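See below for the structure under consideration.
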There are 2 protein chains.
Amino acid sequence: MDVKTVCLGMLTDGPASGYDMKKCFESSFGHFFPAGYGSIYPALATLARNGMVEFVEVPQEGKPDRKVYSITESGREELLKGLSNLNPTHKVRSEFLAIVWFAHLMSDEQINTVIDNKLIEIEGFLKLFEAFPDCECDDVPKGAQFVAGFGQHMAESIRTYIKDNRDMLTDLDEEPDVKVAIGS
Amino acid sequence: MDVKTVCLGMLTDGPASGYDMKKCFESSFGHFFPAGYGSIYPALATLARNGMVEFVEVPQEGKPDRKVYSITESGREELLKGLSNLNPTHKVRSEFLAIVWFAHLMSDEQINTVIDNKLIEIEGFLKLFEAFPDCECDDVPKGAQFVAGFGQHMAESIRTYIKDNRDMLTDLDEEPDVKVAIGS
DNA sequence: ATGCATACTATCAATTTGATATATAAAATC
DNA sequence: GATTTTATATATCAAATTGATAGTATGCAT
């Protein structure tokens with residue numbers, strides 16, 4: 001599955017421009033399937049060339065024209081093909097874990113900063129979920145709810161693991177600062 | 001951080017060929033930082049060109065020559081630069097979650113198979129950890145232990161979440177098959 | 001005997017990344 | 001009042017990565 005398939009999937013929710021899709025990748029999709037302009041625009045161009053999507057150019061005032069894409073019938077068939085993978089991947093690419101793997105080559109201070117920053121990042125991410133608690137309200141598709149819950153569960157799980165095990169990584173956990181009794 | 005940095009890191013454990021490194025990516029590193037021949041060989045070529053690594057060609061009988069690479073002093077400095085990122089990424093690219101997001105476009109049977117297969121895959125992955133229980137034994141660096149534990153914890157967490165929430169995704173959880181009492 | 005696994009190297013097209021270019025207007029900051 | 005940033009929108013480019021394939025030889029299994 002590539003960005004083309006995901007773009008087709010997004011268009012089943014209604015017409016959208018490349019810019020709209022980029023925002024969608026930023027807000028939700030990108031957390032588990034990232035894409036930037038450099039993959040979105042070529043994907044849309046290819047899909048249009050092959051008749052999977054159609055577009056109309058909507059003139060704007062003072063802004064570039066919008067190209068608003070819609071999925072076609074061929075596009076819907078292509079999408080179902082793209083989704084029909086019974087062994088889909090789930091890949092992680094983590095600079096964080098690579099750095100931690102080589103912790104013994106680095107200073108305790110460096111590692112501690114990396115860990116602190118990662119915990120802050122996770123905390124910020126988890127705050128996003130407090131906003132809409134278990135949004136099983138409206139017409140949000142069950143799949144999206146499952147994926148959102150997955151993300152939240154993962155973030156909590158990572159936070160827990162890091163907090164519970166970070167002291168493995170530094171020689172002295174938190175510079176003991178033990179005042180040895182003088183004259184003992 | 002790119003594959004070059006990780007290759008340098010691997011070489012701090014001792015000299016190795018591209019083939020050796022590929023096996024290392026397959027067995028451990030690849031679970032959180034994947035790389036194939038197509039990135040390893042170009043990485044080693046670039047590193048050699050820039051004096052970050054040196055290599056000797058070791059003739060073999062009936063097999064192609066081995067090119068055995070070693071890290072240089074410049075390489076060690078370059079590695080430390082590569083590791084000195086205080087905000088390293090942790091990215092997920094999941095066809096699995098993308099498919100699940102669009103579950104409403106698919107049949108229950110398809111989704112159930114995808115989920116079953118994923119659970120089997122996770123089960124298989126977790127069996128790898130039973131082999132060496134908490135390998136804090138030898139001289140395995142703490143960083144590697146932390147990362148291995150991280151992987152195990154994540155896999156368990158994903159398994160739990162999927163098992164607890166998979167029924168969100170299908171209309172009827174497991175084809176009820178309720179035999180209604182006749183004549184009630 | 002024919003195919004598959006292991007041991008090595010390496011390359012290639014297609015895809016993706018991350019940054020940048022272009023252009024205008026509104027909002028924020030100084 | 002001037003400057004910077006943010007938002008709206010398009011698009012492209014070099015570099016990196018993916019996933020597959022090619023080449024060459026030995027051994028093992030069916």
Side-chain angles (χ1 to χ4, degrees), chain A residues 1-8 15-27 29-30 32-50 53 55-69 82 85 87-95 98, chain B residues 1-8 15-27 29-30 32-50 53 55-69 82 85 87-95 98:
Chain A
M1 186 192 309
D2 56 15
V3 174
K4 288 197 290 295
T5 309
V6 176
C7 287
L8 285 175
S17 68
Y19 186 75
D20 295 334
M21 289 176 169
K22 177 57 162 47
K23 284 202 295 187
C24 184
F25 273 105
E26 270 163 16
S27 64
F29 242 91
F32 56 92
F33 205 104
Y37 291 129
S39 40
I40 295 169
Y41 282 115
L44 289 172
T46 303
L47 288 169
R49 205 185 318 124
N50 299 348
V53 300
F55 64 91
V56 287
E57 287 188 85
V58 182
Q60 308 260 110
E61 319 163 28
K63 295 168 197 169
D65 296 357
R66 273 167 65 84
K67 275 192 191 175
V68 180
Y69 293 85
N85 178 357
N87 284 287
T89 58
H90 179 86
K91 287 187 195 162
V92 172
R93 188 190 168 104
S94 177
E95 293 178 353
Chain B
M1 185 194 307
D2 56 16
V3 174
K4 289 198 288 294
T5 310
V6 176
C7 287
L8 285 175
S17 68
Y19 187 76
D20 295 335
M21 288 176 168
K22 177 58 163 48
K23 284 202 292 186
C24 183
F25 273 105
E26 270 162 17
S27 63
F29 243 90
F32 57 92
F33 205 103
Y37 290 129
S39 39
I40 296 169
Y41 282 115
L44 290 171
T46 303
L47 288 169
R49 204 185 319 124
N50 299 349
V53 298
F55 64 92
V56 287
E57 288 189 86
V58 181
Q60 308 261 109
E61 317 164 26
K63 296 171 198 168
D65 295 359
R66 274 167 64 84
K67 275 192 189 174
V68 180
Y69 293 85
N85 177 357
N87 284 287
T89 60
H90 179 85
K91 286 187 196 162
V92 173
R93 187 188 169 107
S94 178
E95 292 178 354

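Note on naming: letters A, B, ... go to the chains in the order of the sequence lines (proteins, then strands), and numbering restarts at 1 for each one. Remember, it's a predicted structure, so these values are computed and weren't measured experimentally.
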How long is the gap from [atom1] on [X] to [atom2] on [Y], to the nearest 0.5 Å?
X: A:Phe33; Y: A:Met1; atom1: CZ; atom2: CE; value: 6.0 Å
X: A:Glu95; Y: B:Asn87; atom1: CD; atom2: CG; value: 10.0 Å
X: A:Ile40; Y: A:Ser17; atom1: CD1; atom2: OG; value: 9.5 Å
X: A:Gln60; Y: A:Arg66; atom1: CD; atom2: CZ; value: 6.0 Å
X: B:Cys7; Y: B:Phe25; atom1: SG; atom2: CZ; value: 5.0 Å

State, with a plain yes or no, whether a side-chain heavy atom of A:Lys4 is found less than 4.5 Å away from one of A:Thr46.
-> yes

State which of [options] makes the closest approach to the side chain of [X].
X: A:Asp2; options: D:dT10, D:dA16, C:dT16; result: C:dT16
X: A:Ser39; options: C:dT16, C:dA10, D:dT10; result: C:dT16
X: A:Pro42; options: D:dT12, D:dT18, C:dT17; result: D:dT12
X: A:Tyr41; options: D:dT8, D:dA11, C:dT16; result: D:dA11

So does A:Lys23 get a side-chain nitrogen or oxygen closer than 4.0 Å to the phosphate oxygens (OP1/OP2) of D:dT8?
-> yes

Measure from [atom1] on [X] to [atom2] on [N] and round the result to the nearest Å.
X: A:Lys91; N: C:dT17; atom1: NZ; atom2: P; value: 12 Å
X: A:Tyr19; N: C:dT22; atom1: OH; atom2: C1'; value: 14 Å
X: A:Ile40; N: C:dG18; atom1: CD1; atom2: P; value: 13 Å
X: A:Arg93; N: C:dT15; atom1: CZ; atom2: P; value: 19 Å
X: B:Leu47; N: D:dA15; atom1: CG; atom2: C1'; value: 15 Å
X: A:Tyr37; N: C:dT20; atom1: OH; atom2: P; value: 15 Å
X: B:Asp20; N: C:dT9; atom1: CG; atom2: P; value: 7 Å
X: A:Asp65; N: C:dT24; atom1: CG; atom2: P; value: 13 Å

Between its two end axes (five pairs each) the helix from C:dA1-D:dT30 to C:dC30-D:dG1 turns, nearest 10 degrees, through 40°

With a non-hydrogen cut-off below 4.0 angstrom, is [X] in contact with a base, only sugar-phosphate, or nothing?
X: A:Lys22; answer: nothing
X: B:Ala35; answer: sugar-phosphate
X: A:Lys4; answer: sugar-phosphate

Is the gap between the ring centers of A:Tyr37 and A:Tyr41 under 6.0 Å?
-> yes

Would you kindly compare B:Ser17 and A:Gly38 by the position of their nearest DNA chain C nucleotide and give the one closer to the 5′ end?
-> B:Ser17

